[in-house]
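A quick write-up on the structure given underneath.
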Amino acid sequence: MKIAVAAMMQETNTISHQRTALRHFVITKGDAVYHETRWKRRSIFGIIESLTQAGHTVVPGYCAIALPGALIERAAFETIVSEIVAGIQDVMPLDGICLALHGSMAAEGYDDPEGALLLAIRKSVGWQVPITCALDMHATVTDTMVRCANGYSVYRTAPHIDEYETGERAAALLMQTLASGRALVTRMVKLPILIAGEMTESDKPPFAGLLARIPAWEAHYGALDASYVLGYPWADSPHAGVAALATGFADASVTMASCAKEMADAFDVIKQEFVFTTEAYPLAEAVAIALEETQHPVVVSDSGDNPTAGAAQDMALVAEELLRQKAKNALVIAIADGDAYAACAAAGQGSTLELPLGRLAAYQAAPPTPLRIRVCVELIAHAGQMDYAVVRCEGVSIVISRERVSVAEPFDMRELGLPLERYDVISVKCGYLDPTYMAIAARSILALTPGYTCELLETMPYTRIPRPMFPLDA
């Protein structure tokens, strides 16, 4: 059968002062997707390879995937939608459509971009063509999304190591409806709960216990796929909240609703048990504990400035605190500051200069107040897809990236030749640690730093989320 696939993915932080332009997306059209090696473990490849191996004719369309970031410019979002819809129109008629979506996008003028995309596709292809989607665990699912797509599969691991497998499951849902001739339907039950991912690691209680029950719920209710979507707490969205989803055949829609209801009730009952799954402290205390530790390296997450949750990645507070507490062998990964990178590159490796770096205010000031330090430029290099400078100030080495970049995995740092295991303290701009960092960490600490991804949700400047909302309200 002939199946169109496409992708539109970004986790959008609406608190950030920045904007996401079309240039911030990695974009492919048609067969070019097969050459985008960075996506080999993403859901889009799970979809494509699963359908292809099953003998279906796969027609790749427009795929746009970006690092989590700030609000998407209206023109960029509308371009992505129009390109995806046009690509699907060009290959009609189709037997089905399978999409890789994030689920928590936001754009200028659009609170529900995934819903807007799905509605535009429906207006183009009608309501008879089955559509299934793969979603991030931190999706914010809306009524429009549930109405316009037939089936959903959602990541079940955090950190997300099952993206490819989720794509396989989304493809499997589509193949089940095509093979059986029975329509699919998804039912959703939402909960007024905001929760940070650092309280919901999938291999730790209490969330691990809920995830372990999913196979039994699927078997009991006959669901083809049941999932939790945890929402995204750093978007001031009118659709905010946790949800339970159950996908099954349309003639069992009432049963799917019952499945979603039982799952939601189970989550609601234990909502107060969700706490940080890593030891967590305010910044000064986190640094002091890390410096006192005798087993090395201690990896400290700068959670309030996490680019993989959409933060600007330009806060210099951890570097400032490490210097204040006179760290002797620490590494900060990585502050995104194009001007600072350019100054270091112009000065050259081995040079010394006065450097204004990043900003110290939790929210954007005009102009921002930088950390002013005297540094020695240790390295200017390119790794992965990014240009980096590594500077040293007293006992603290700082990685500076030319632009925002995911540092949740240490691969670029390895390519730069940084001896990670030899540092006493490593600060990484992330939330929960990826397994690649856990493998080298003698101890991991979550620093509750201020910023656009601050873990203390009660401090965030929400004005549009539904209220009351746990844990913000009694």
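Quick note: numbers below take in every heavy atom, side chains included, and nothing from hydrogens, waters or symmetry partners. A quick note: this is a predicted structure, and the numbers were derived from the prediction, not measured.
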> Which distance, rounded to the nearest 0.5 Å, do you find between the CG of Asp268 and the NZ of Lys261?
Replying inline: 9.0 Å
>> Are the side chains of Thr277 and Met199 in contact, using a 4.5 Å heavy-atom criterion?
In response: no
>> Do Leu210 and Ile270 make a side-chain contact, defined as non-hydrogen atoms from C-beta onward lying under 4.5 Å apart?
In response: yes
>> Could you go through Val125 and Ile97, starting from their C-alpha distance and side-chain angles, then the distance that decides it, and tell me whether this counts as side-chain contact (heavy atoms from CB on, under 4.5 Å)?
In response: CA-CA 10 Å; Val125 306; Ile97 298 169; 4.3 Å; yes
> Just wondering, do Leu71 and Thr20 contact through their side chains at under 4.5 Å, heavy atoms?
Replying inline: no
> Please walk me through it: do Ser253 and Asp251 pass side-chain hydrogen bond (donor to acceptor under 3.5 Å, both in side chains)?
Replying inline: CA-CA 6 Å; Ser253 62; Asp251 53 19; over 6 Å; no
>> Please check if the number of heavy atoms outside Gln272 that lie under 6.0 Å from its CD is greater than 12.
In response: no
> Can you tell me how far CZ of Phe25 sits from OH of Tyr62, rounded to the nearest 0.5 angstrom?
Replying inline: 8.5 Å
>> Once rounded to the nearest 0.5 Å, what's the spacing between atom CG of Asp473 and atom CZ of Arg467?
In response: 4.0 Å
>> Rounded to the nearest 0.5 Å, what separates atom CG in Leu433 from atom CD1 in Ile445?
In response: 10.5 Å
> Taking only residues two or more places apart in sequence or in another chain, which ones pass side-chain contact (heavy atoms from CB on, under 4.5 Å) with Glu409?
Replying inline: Phe411, Asp434, Thr436
> Can you tell if the side chain of Leu446 reaches within under 4.5 Å of the side chain of Val300, non-hydrogen atoms only?
Replying inline: no
>> Is it the case that the side chains of Asp302 and Ser427 hold a donor-acceptor pair, with the cut-off being a distance below 3.5 Å and no angle test?
In response: no
> Between Thr453 (side chain) and Ser303 (backbone), is there a donor-acceptor pair under 3.5 Å?
Replying inline: yes
> So do the side chains of Leu457 and Leu194 get within less than 4.5 Å of each other, counting heavy atoms only?
Replying inline: yes
> Is there a side-chain contact between Leu118 and Thr144, using heavy atoms and a 4.5 Å cut-off?
Replying inline: no
> Between Tyr221 and Glu262, does any side-chain donor sit less than 3.5 Å from a side-chain acceptor?
Replying inline: yes
> Under the side-chain contact (heavy atoms from CB on, under 4.5 Å) criterion, do Leu456 and Leu448 qualify, and how do the steps go?
Replying inline: CA-CA 7 Å; Leu456 304 176; Leu448 301 175; 4.1 Å; yes
>> Apply side-chain contact (heavy atoms from CB on, under 4.5 Å) to residues Val91 and Lys2 and explain how you reach the verdict.
In response: CA-CA 9 Å; Val91 297; Lys2 185 179 175 184; 4.1 Å; yes
> Is the closest side-chain donor-acceptor distance between Asp112 and Thr142 under 3.5 Å?
Replying inline: yes
> So, Tyr388 versus Asp412: side-chain donor-acceptor pair below 3.5 Å or not?
Replying inline: yes
> Between atom CG of Leu184 and atom CG of Asn150, what is the distance when rounded to the nearest 0.5 Å?
Replying inline: 5.5 Å
>> Are Asp305 and Leu317 packed together at the side-chain level, in the sense that at least one heavy-atom pair is separated by less than 4.5 angstrom?
In response: no
>> Test side-chain contact (heavy atoms from CB on, under 4.5 Å) on Trp127 and Cys148; report intermediate values, then the result.
In response: CA-CA 8 Å; Trp127 293 85; Cys148 291; 3.8 Å; yes
> Can Glu36 and Tyr34 be counted as having a side-chain donor-acceptor contact under 3.5 angstrom?
Replying inline: no
> When rounded to the nearest 0.5 angstrom, what distance separates CG in Asp143 from NE2 in His239?
Replying inline: 8.5 Å
> Would you call the rings of Phe267 and Tyr228 parallel, tilted or perpendicular, where under 30° means parallel and over 60° means perpendicular?
Replying inline: tilted
>> Side chains of Glu78 and Tyr110 only: does a donor on one sit below 3.5 Å from an acceptor on the other?
In response: yes
> How about Thr247 and Asp225: does a side-chain donor come under 3.5 Å of a side-chain acceptor?
Replying inline: no
> Does Ser16 use its side chain to pair, donor to acceptor, with the backbone of Ala70 at less than 3.5 Å?
Replying inline: no
> Does the separation of the ring centres of Tyr232 and His102 fall below 6.0 angstrom?
Replying inline: no
> How about Lys40: does its NZ atom have over 12 heavy atoms from other parts shown lying under 6.0 Å from it?
Replying inline: yes
> For Met438, does the CE atom have more than 12 heavy-atom neighbours from other residues, nucleotides or ligands under 6.0 Å away?
Replying inline: no
> Does Ile47 offer a backbone N or O that forms a donor-acceptor pair with the side chain of Ser50 under 3.5 Å?
Replying inline: no
>> Are Ser153 and Leu173 packed together at the side-chain level, in the sense that at least one heavy-atom pair is separated by less than 4.5 angstrom?
In response: yes
> Hey, are Glu11 and Ser104 close enough side-chain-wise for a donor-acceptor pair under 3.5 Å?
Replying inline: no
>> Taking the ring centre of each residue, are Phe45 and Tyr164 less than 6.0 Å apart?
In response: no
> Side chains of Ser43 and Thr166: is there a donor and an acceptor less than 3.5 Å apart?
Replying inline: no
> Around atom NZ of Lys271, are there more than 12 heavy atoms of other residues, nucleotides or ligands at under 6.0 Å?
Replying inline: yes
> With ring centroids as reference points, do His138 and His160 lie under 6.0 angstrom apart?
Replying inline: yes
>> Side chains of Asp236 and Thr463 only: does a donor on one sit below 3.5 Å from an acceptor on the other?
In response: yes
>> Before you tell me yes or no, could you show the steps for Asp314 and Arg404 under salt bridge (charged side-chain N to carboxylate O under 4.0 Å, His left out), namely the whole-Å CA-CA distance, both residues' side-chain angles and the distance that decides it to 0.1 Å?
In response: CA-CA 8 Å; Asp314 57 358; Arg404 292 174 65 253; over 6 Å; no
>> Would the distance check show the side chain of Glu415 and the main-chain N or O of Gly384 forming a donor-acceptor pair, the cut-off being under 3.5 Å?
In response: yes
